[in-house]
Amino acid sequence: MPKHLVIVESPAKAKTIEGYLGKDFVVKASMGHIRDLAKGNDAIDVEHGFSPKYIVSEAKEQVVNDLKKLAKKADTIWLATDEDREGEAIAWHLYEELGLTPHNSKRFVYHEVTKKAILKAIEQPREIDYDLVNAQQARRVLDRLVGFELSPILWRKVRPSLSAGRVQSVAVRIIVEREREIQEFNAQSSFKVNGIFLSEKEPIPFQAELSTKFDHEADAEAFLKHCTHAQYAVRSVETKPGKKSPSPPFTTSTLQQEASRKIGFSIDRTMRIAQILYEAGHITYMRTDSVNLSDDAIVLCAGEIEKSFGKEYVQTRKYQNKSSNAQEAHEAIRPTDFSATLPSLSKDEARLYDLIRKRAIASQMADAILEKTTISIEIDPKSKHMFIATGEVIKFDGFLAVYSESQDEESDQEDSKRLPAISQGEHLLNESIKAVQRYSKPPARYTEASLVKKLEELGIGRPSTYAPTISTIQKRNYVIKDNRDGKKREYVSLTLQSGVISKETLSENHGAEKAKLFPTDIGMIVNDFLVENFGNIVDYNFTANVEEQFDEIARGELEWNKMLESFYTPFHSEVTKIMTGPQKRASSARELGIDPNTGLTVYATLTRFGSAVQIGEIGAEIPPKFASLKQHQSIATISLEEALDLFKLPRSLGLFEEKDVKVGIGRFGPYIVHNSVFTSLKPEDDPYTIELERAIELIIQKRELQASRLIKAFPEQPEVTIVNGRFGPYISFGKSNVKIPKGTDPNTLTLEQCNTFAEEQGKTLQKVAPKSKAAAKKKETKSTLTTEKPKVKKATTKKATAKKAPTKKTVKKNIE
DNA sequence: CAGTGAGCGAGCTTCCGCTTGACTT
């Protein structure tokens, strides 16, 4: 019987550590926090020192019970949770919940899961650090207070079920403010001039850029004219040594960024796959903010580099963390085994593993040695303009042999090339000169990964919450990840060749976006409301400021409930002021102008059913008319013309088979209705311009599809049919669907068989309303108590989400 | 399933961080 029970946070870690310790030790995992604040609004007694009420959640009961049993049998219980604030709190909660005493329990901490580190750590046990625990309690309580006082204000002032919080509201703010910068951005154009030159000795053409840009076409043209008679000579040749150093090994945030840029993974997918690699023992822990590698790892890594590349490629380094609130309870993310023999993995796992391994290896490799050459070319001795050619040659590749980091935005610089050997004073021949109109670019929209980077820079959120936070703000419909088609734009290109200047007008695509984050109307309204009324909470520095105070608590210099007191008093009085103030909703209405037909005012506004345009006033004699916005339209940017267009639907296209054909936009996107049969438009069809002929084509297509859908019907029981669905044949059984067992030919099924299958699958022929079905489901899932929300919500939210992706749904339907 | 665009009122929603599983049409 083992005498010692060691409790860590993660089961994979438990397994590893158990291997390091002797037979007397059993190592178990707490699976993260075991207790949390009670659910409702009564978890914190603000009147009495913010005393918190903790409960063991249903999901953790089993874990706690198992640990209790083991603890009873053990002589010593070692609390070996992470060294950071949260880990210390977990240790304390365990201590309390398991009824431990100073006599039967000890605490030890480690920064890396290596045998040496663990054995050393257990030699140096300590007490639970209550100052650190209190810092965590302050953090936890503050987050609850902020979230649970701000959210209800939004329910009342904006819309039910919304949420606000210290982290998510700032994330939304970042997206909203960037969108506004982009909206306000005016692209300026200028003419960038490039020449192709040749040396007489070494006739390899190379490119050089003019040191000045021209704002106007006329200036560019005048310059090219001037160049028709120019004499080119090399004024100077400068060669400078340079070097590039590798980046540190991955943290959670940098892994998410690079996996997004290099292999196109969403941050969610990255974390899911990293978890698999971690559990299989291929990588170290993936939720970390540390760039540090253990000494053991560095030795192993250096050995691998020497073996694969040679000694001159080895340069071991210790990296310093840049982010200020890093807690560094773990190592950086690295392979557990650096050798080139890769474990057998799925394709995605292999790609992520490869990235992690190369990045870690490169971090311990030598700098790349470069040589940068700059050649200045004068046009003629009098001209103030000059052409500059730059080239870069890699003298020693170093870490570049393994890994080079990608940038968020592609820079304009092309791959720097080797320049021909040229000496000062030498005359050059010019092959051609081009002046091309270039536009300035607006700030880039955020991707999920670049938003994580920004949050990390601001010290907001933790490695374990980056991905969940970003999915929360999308679930709340504050932000959507979306694509945009670019717009065509013309630009001018002037070319001087063989003494002749020619002009071309070309066109380019700009502003196309893929998987970028856009604020929704509701996101903007909520943000504006919070910025106006709670600017201090959604301030970019709010977290940094409270973090400083948490640190003071952790150092024992500040009492945690005093800190909360001084935060909460002014905060709560602000909350009360707004809750008891005028019962006005946060207004989103934007005046667009006057409708020329009726003379009434046109508004863009947020309604119960989402963003819409409105003609006329509520409460006026003539009730206002409404029309929903299309996808990609927003209250902030819609124009009067676009708004008026929305009232052109539904429209009649004419008669087909003596019945009216109408086109409109519904819940699932644009549709045609004819003889009360609905047909979706294809993505390429525009409901505003579609003509009768095309509509009839789609109606007939739909009929053909319907015909091939039905495999078999039973006249004696018309609710039962066998049909072809998206996933193959199935039995449509009243309102529910029944699976056909594998190996059964759907064509030969009898009605009796169908009824038997239905019975076996627990389906009845009652016309079950979807509501009660979902309620039953809710009951089922209740006991598991995951973070997943019940599937069916209030009518408003349901509709709002359904509206989100009409085109997607349409596509699916068409495939069917 | 393809419409709608309130305010008589029933009761709900919500935070951040730490961890892994157990669920289907």
Side-chain angles (χ1 to χ4, degrees), chain A residues 8-13 29-37 39-41 43 59-60 63 81-82 84-87 89-90 93 136 139-155 159-169 275 278-279 285 287 329 460-466 468-469 472 476 543 583 585 605-610 612-614 618 623-628 650 662 664-673 676-680 725-727 730 736-737 739 770 777 780-781 784 786 788-791 793-797 799 802 806 809 813:
Chain A
V8 298
E9 291 179 36
S10 139
K13 215 185 272 177
S30 75
M31 312 284 219
H33 274 293
I34 54 150
R35 294 204 304 192
D36 190 17
L37 291 177
K39 261 186 173 176
N41 285 317
K60 289 294 165 63
V63 177
T81 48
D82 294 348
D84 55 16
R85 196 163 65 202
E86 297 296 328
I90 293 173
H93 284 304
Q136 193 274 347
R139 197 281 304 156
R140 180 66 191 92
V141 169
L142 180 129
D143 281 337
R144 169 61 67 85
L145 290 172
V146 169
F148 276 38
E149 299 224 352
L150 285 187
S151 299
I153 297 181
L154 297 179
W155 305 342
R159 173 188 286 185
S161 300
L162 295 176
S163 66
R166 174 177 60 84
V167 174
Q168 59 167 283
S169 296
Q275 178 84 29
Y278 166 67
E279 284 173 17
Y285 198 59
R287 289 183 280 266
I460 297 172
R462 304 279 315 131
S464 66
T465 60
Y466 294 138
T469 299
T472 298
R476 296 268 176 277
T543 291
Q583 294 293 308
R585 297 195 151 259
T605 181
L606 193 75
T607 73
R608 176 151 85 108
F609 300 111
V613 283
Q614 172 188 337
I618 293 175
K625 271 169 61 184
F626 289 91
S628 291
K662 268 189 180 171
I665 297 180
R667 202 153 93 112
F668 303 106
Y671 66 89
I672 305 162
V673 61
S676 56
V677 175
F678 288 85
T679 307
S680 289
R726 197 147 46 104
F727 310 116
Y730 69 96
S736 49
N737 297 334
K739 272 184 273 185
K777 198 168 184 177
E780 256 168 49
T781 48
T784 57
T786 57
E788 207 186 0
K789 301 287 167 292
K791 293 268 169 358
K793 293 211 172 170
K794 289 274 156 55
T796 45
T797 23
K799 282 178 180 170
K809 197 84 178 186
K813 266 212 131 148

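Side chains are part of it too, since the values below use all heavy atoms of this structure and drop only hydrogens, waters and symmetry mates. Within every chain, numbering begins at 1; the chains are lettered A, B, ... in the order of the sequence lines, protein sequences first and strands thereafter.
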Under 4.0 Å between any heavy atoms, over every strand shown, what does A/Tyr466 touch: base, sugar-phosphate, or nothing? Just pick one. nothing

Rounded to whole Å, please give me the gap between CD1 in A/Ile34 and C1' in B/dG17. 14 Å

Would you say B/dT20 has OP1 or OP2 under 4.0 Å from some side-chain N or O of A/Arg287? yes

Name the nucleic acid region contacted by A/Pro11, choosing base, sugar-phosphate or nothing; use a 4.0 angstrom heavy-atom cut-off, strictly under. sugar-phosphate

Taking only side-chain N and O atoms of A/Ser163, does any of them lie within less than 4.0 angstrom of OP1 or OP2 on B/dC15? yes

Give one of base, sugar-phosphate or nothing for A/Gly461, where a contact means two heavy atoms less than 4.0 Å apart. sugar-phosphate

Considering every strand and a 4.0 Å limit on heavy-atom distances, what is the contact class for A/Val146: base, sugar-phosphate, or nothing? nothing

Stacking between A/Phe148 and B/dC15, defined as ring centres under 5.5 angstrom apart with planes under 30°, is that present or not? no

For the pair made of CD in A/Glu86 and C1' in B/dC16, what is the distance, rounded to whole Å? 8 Å

A/Arg35 side chain N/O closer than 4.0 Å to the phosphate oxygens (OP1, OP2) of B/dC18? no

Heavy atoms only, 4.0 Å cut-off, all strands: where does A/Thr607 land among base, sugar-phosphate and nothing? base

Could you tell me whether the phosphate oxygens of B/dT20, OP1 or OP2, come under 4.0 Å of any side-chain nitrogen or oxygen in A/Gln275? yes

Could you check how far CG of A/Asp143 sits from C1' of B/dC18, rounded to whole Å? 13 Å

Under 4.0 Å, counting only non-hydrogen atoms across every strand here, what does A/Arg166 touch: a base, just sugar-phosphate, or nothing? sugar-phosphate

Would you say the base of B/dT4 stacks on A/Phe626 (centre-to-centre below 5.5 Å, plane angle below 30°)? no

